[in-house]
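Not measured: the values here are computed from a predicted model. Hydrogens, waters and symmetry mates are skipped; everything else that's a heavy atom, side chains included, is used. Numbering of ligands and ligand atoms starts at 1, following listing order.
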Amino acid sequence: MSFDETLLQLRLIARKKGKYVMNKLFDDYLTGHIDKKRIISCLLCGSESNITKEHVLPKWVFENDPTRTFTTDVNQLSQKYIGTTLPMCSTCNTDLLNTLELYIQRTISEVDLKTKYYSSENWDNIIRWLETIDFKFQLMDLTTKFRAHKEAGYVPFLADLSIAEMRDFSIRTIQSKARLSLKRISTKDKTKRANSLIVGTTKVKTFNYFHKSGQFIHLEIPKYNKVFFYFFEKVFEDDEQAKKEAMEIIKSVYDEGKE
Ligand SMILES: [Zn+2]
């Protein structure tokens, strides 16, 4: 399969299987169905065979470091990136998403921002890749139970609710956010989105990541000296405006971390 065929396949799966997979996901994991016996299936195409573990954040991004964790906003519990996976079939995991990963790694390692800029095709595919990460984090929030809060401890009547339900409360909001995230993956044309992506160089030594589902993502990857910020929804007249807003968000997140 050529790279273009891989991307086409990814869009087709999102378009053709998306409705079925989403409905099954909501049925299996949202309120009222928590004790349901479910058949583990691929969260991208719905297949029930050859299920593998797809990392929500790719291993090369967090440098395969088993100690790196992130904190889930709603319960403040930390979770290891290495253990944060979703069920996906080997076709979706290896043939599609991993092919996109390899392309991204090659692209960002080859382009030296001092001498050469990204082609529009590269640019679109970086956007596409960041969109798949948002989609996977949304799937994770839907399929992960709240369990307990760092300070409040185990809260029996909340324990079985999903992280997504604790964040947004309205089932309709959760569903439309997840559907929208999937729809982005099925969309070929990213030209209107071009100003919403910012790529720069970084000198940090360890990888950094934060993300607000459906809104923005920030990724700093020291291995390739690159930093990415992307707004999933917002469109900008020019990239200066996007840069300014991204800097404000980055600053406020790091200020919070210092407190
Ligand atoms: Zn699949």
Can you tell me which residue among R167, K150, K212 is in a salt bridge (Lys or Arg N to Asp or Glu O under 4.0 Å) with D73? R167
With S170 via side-chain contact (heavy atoms from CB on, under 4.5 Å) - residues at least two apart: R172, T173
Give the total of protein N/O/S atoms at a distance below 2.8 Å from the Zn ion (ligand 1). 4
Would you call the rings of Y254 and H218 parallel, tilted or perpendicular, taking 30° and 60° as the class edges? perpendicular
Students often mix this up, so state it plainly: with edges at 30° and 60°, are the rings of Y81 and F70 parallel, tilted or perpendicular? tilted
Sorted by chain and number, sequence neighbours left out, side-chain contact (heavy atoms from CB on, under 4.5 Å) with N98 holds for E101, L102
Determine all donor-acceptor pairs shorter than 3.5 Å in which one atom belongs to a side chain in residues 5-17; sequence neighbours excluded.
| residue | atom | partner | partner atom | Å |
| --- | --- | --- | --- | --- |
| E5 | OE1 | S2 | N | 2.9 |
| T6 | OG1 | S2 | O | 3.1 |
| R15 | NH2 | S186 | O | 2.8 |

